[in-house]
There are 2 protein chains.
Amino acid sequence: MRHTTITDLAKKLGISASTVSRALSDHPDINDNTKKRVRKLAKEYNYKPNPIAQSLKNNRTTIIGVIVPEIQHDFFASAISGIEEVAYHAGYTIIVCQSNENFEREVVNTNALIQQRVAGIVASISQTTKNSDHFKSVIERGIPLVFFDRACEDVSASKVIIDDSKSAFNAVTYLIEKGYKKIAHFAGPKALEICKRRLEGYAEALNKAHIHISKELICFGGLHETDGYNSMDFLIKQNIIPDAIFAVNDPVAIGAFQRIKEAGLRIPDDIGIVGFSNNKITTLVDPTITTIDQPSFEMGKKAAEILVGLIENENKSVKPKTFILDAKLIIRGST
Amino acid sequence: MRHTTITDLAKKLGISASTVSRALSDHPDINDNTKKRVRKLAKEYNYKPNPIAQSLKNNRTTIIGVIVPEIQHDFFASAISGIEEVAYHAGYTIIVCQSNENFEREVVNTNALIQQRVAGIVASISQTTKNSDHFKSVIERGIPLVFFDRACEDVSASKVIIDDSKSAFNAVTYLIEKGYKKIAHFAGPKALEICKRRLEGYAEALNKAHIHISKELICFGGLHETDGYNSMDFLIKQNIIPDAIFAVNDPVAIGAFQRIKEAGLRIPDDIGIVGFSNNKITTLVDPTITTIDQPSFEMGKKAAEILVGLIENENKSVKPKTFILDAKLIIRGST
DNA sequence: ATTTTTCCTGCAAACGTTTGCGATTACGTT
DNA sequence: AACGTAATCGCAAACGTTTGCAGGAAAAAT
């Protein structure tokens, strides 16, 4: 089965390909009767223009590139889903790449997307991203770019984020109001902006309540379960037992959760826990975990909507904007 | 910034574009010295052939299309990740579409991928897929197609699946050996082959142990948490309390799990639970849930590997094969 | 009858690449 | 000197689409 081409239609009708093309795009030059004949035959043969040929003309496809650290991760899977949803309805398809939290691979992916002449890119950067030259060259090429959640600060592109600092502040303030005093923070990689901001929020909340910030209560680590587990393990072995933990994200909270249970401590009586992201898991463990709802699906949707807007208003080069979505504290059993 | 073209190089070197093309593909007609000059300049300008122009010639891209019911779903996110991994190393990119368990959308997605001239398609069908005409037209067009997990039985394509029936049989047999007698099954939509097979395995295990199969212990529903919750709720309200539940998948198991806890019943003492898929969640709840490890990442990888093989050996039209991956019963606290 | 205007349509180029075939040159052979 | 044979390379077409421009025919105006 071959695809029907515009020339096939032209031959059948005894007219030229250019007339068919114009008829299908409702060009005023073309006779109404001719248009009708063309449209009828096009429908009959289920003709659809070859997107590759169109792309070659426009030097651009109708594909949106997506770069995320890890597809499996709840947050990103859900964001991708939001992006796909918007793209689908706007007539785009999405190419998904994962950097595996690896800088080099992120660069390769970005260049591959540029190569492929994607119409635009939605990205969330890896933990190990050292510089942003690859994203800058996206901008230079005039390819619309939107970051979500994890953005490159020195790239002039729109972003969809949440107010990490404020959210962290709220969560920790809530813990303080609940009566918790010795509040630890299981922080993420210092290189990631969002982690820095969550740490800032934590510190601000303590400051405001005139609680001394103890360095030994701040444990740096990665973003996975094992990191939370290890941090908690480290504290326990040093016999430093906080009465509450604010974790940089849910997996880390879950890791701490497990180690606490292993230690025979009770949640929330002995130790309270607050996570970050509102992963599904937090509603399934016992007790359920207090967390901050990071609207992943909506962030993906919003980012894609902005991107589509940029793609379709290419003339007006709008100034990059930062969109801050609401992240609400969801109080559950762990506090 | 424009992309460097083959003509740019040709002009700089004062030779023709065809010579440049041949030089870069190491054609024997071309003088070694010329090749060197061409390669050097190509490197200098970081020349990469325009994939769109190549696609137009070949009438095929280097993109692999992926269709799944839901990207967010743990199993599929992980499978996509496996597909991406293989594709990346084989020099392909992946376009990801989700059907949202909707038949019409699956058809639209499939046609869009055909339109885009993808090199091949990896798919897992939706719950509501009524017929397979869209997949048949993929085959007719000569586009390689591989199913994973949920396959269309009447389409002649390779599949990567697990032995659902046998796995279910093993799980239920294990429950019987453990001493459970009144074993319920929370089944999935009858339209899905995999659900049918899991039900079969359940029935076989009971038969073999000469346990009567009671219809009231088989609850049909969907594949989500709420379905498991509702099934359990239904049983409880009818005062039918099984001593074990074999759920069609993990979300359903989790749903049942929650309702059981709400009812004040103990797991595994009052009711044992077995899930299916080995989602991460099953290790995080208390007690952890016995389940069948469905190697999602590996299934994605395997499917992609087969697909790449098919794409690159296009001449030899191999007979479709079915690959059955191992799915092991993982015994945990819930039984 | 001639010119102008309007309406419709086709030609050809362009996007960037690949490739069959023919052309050119150099070199060795008779 | 005449010819054959490699060794190199370029022309042009093709993939399918879009679009500026020119051209033809018919209708209207002079």
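What you are looking at is a predicted structure, and each value in this text was computed from that prediction instead of being measured. To find a chain, count down the sequence lines: A is the first, B the second, and so on, and within it residues start at 1.
- Where Ser18(B) and Asn59(B) meet DNA chain D, the nucleotide closest to each residue was compared, and Ser18(B) sits on the side nearer the 5' end.
- For Thr19(A), counting side-chain heavy atoms from C-beta on, the closest listed nucleotide (dT18(D), dC11(D), dG10(C)) is dG10(C).
- When atom types are taken as modelled, the side chain of Thr110(A) and the backbone of Glu106(A) share a donor-acceptor pair closer than 3.5 angstrom.
- Closest to the side chain of Arg2(A), from the set dC11(D), dG16(D), dT17(C), is dG16(D).
- Between the side chain of Thr128(B) and the backbone N or O of Glu101(B) there is at least one donor-acceptor pair closer than 3.5 Å.
- Distance CZ (Arg37(B)) to P (dT8(D)): 14 Å, rounded to an integer number of Å.
- For dT17(D), the base has no donor-acceptor partner in the side chain of Lys57(A) [N/O atoms by modelled type, under 3.5 angstrom].
- Lys159(A) places no side-chain N or O within donor-acceptor distance of the main-chain N or O of Pro320(A), the cut-off being under 3.5 Å.
- The phosphate of dT17(C) has neither OP1 nor OP2 within less than 4.0 Å of any side-chain N or O from Asn50(B).
- Side-chain atoms of Asn100(A) never come within 3.5 Å of backbone atoms of Asn102(A) as a donor-acceptor pair (strictly under, hydrogens ignored).
- Nucleic acid contact for Ile15(B): sugar-phosphate only, since backbone atoms but no base atoms lie under 4.0 Å from a heavy atom of the residue.
- The distance between atom CG of Asn31(A) and atom P of dA27(D), rounded to the nearest whole Å, is 13 Å.
- Note: CG (Asn33(A)) to P (dC8(C)) measures 10 Å, nearest angstrom.
- Mapping Asp29(B) and Arg117(B) onto DNA chain D by nearest heavy atom places Asp29(B) closer to the 5' end of the strand.
- Protein atom NZ of Lys35(A) is 12 Å distant from nucleotide atom C1' of dC7(C), rounded to whole Å.
- In this structure, the side chain of Thr61(A) engages the main chain of Arg117(A) through a donor-acceptor pair within 3.5 Å.
- A straight line from CD1 of Ile30(A) to P of dT18(D) spans 13 Å, rounded to a whole angstrom.
- Distance Ile6(A) CD1 to dC15(D) C1': 14 Å, rounded to the nearest Å.
- Contact annotation: Gln54(A) side-chain N/O to dG16(D) OP1/OP2 distance is not under 4.0 Å.
- One finds a side-chain N or O of Thr34(B) lying less than 4.0 angstrom from the OP1 or OP2 phosphate oxygen of dC9(D).
- Dashed line: the shortest gap from a side-chain N or O of Tyr47(B) to OP1 or OP2 of dG16(C) is not under 4.0 Å.
- Side-chain proximity of Ser21(A) to the nucleotides dC9(D), dT19(D), dT18(C) is greatest for dT19(D).
- The nucleotide whose nearest atom lies closest to any side-chain atom of Ala53(A) is, among dC9(D), dT17(C), dG16(D), dG16(D).
- One atom, CZ of Arg60(B), and another, P of dG16(D), lie 15 Å apart when rounded to the nearest Å.
- Put simply, CG on Leu56(B) is 17 Å from P on dA13(D), counting in whole angstrom units.
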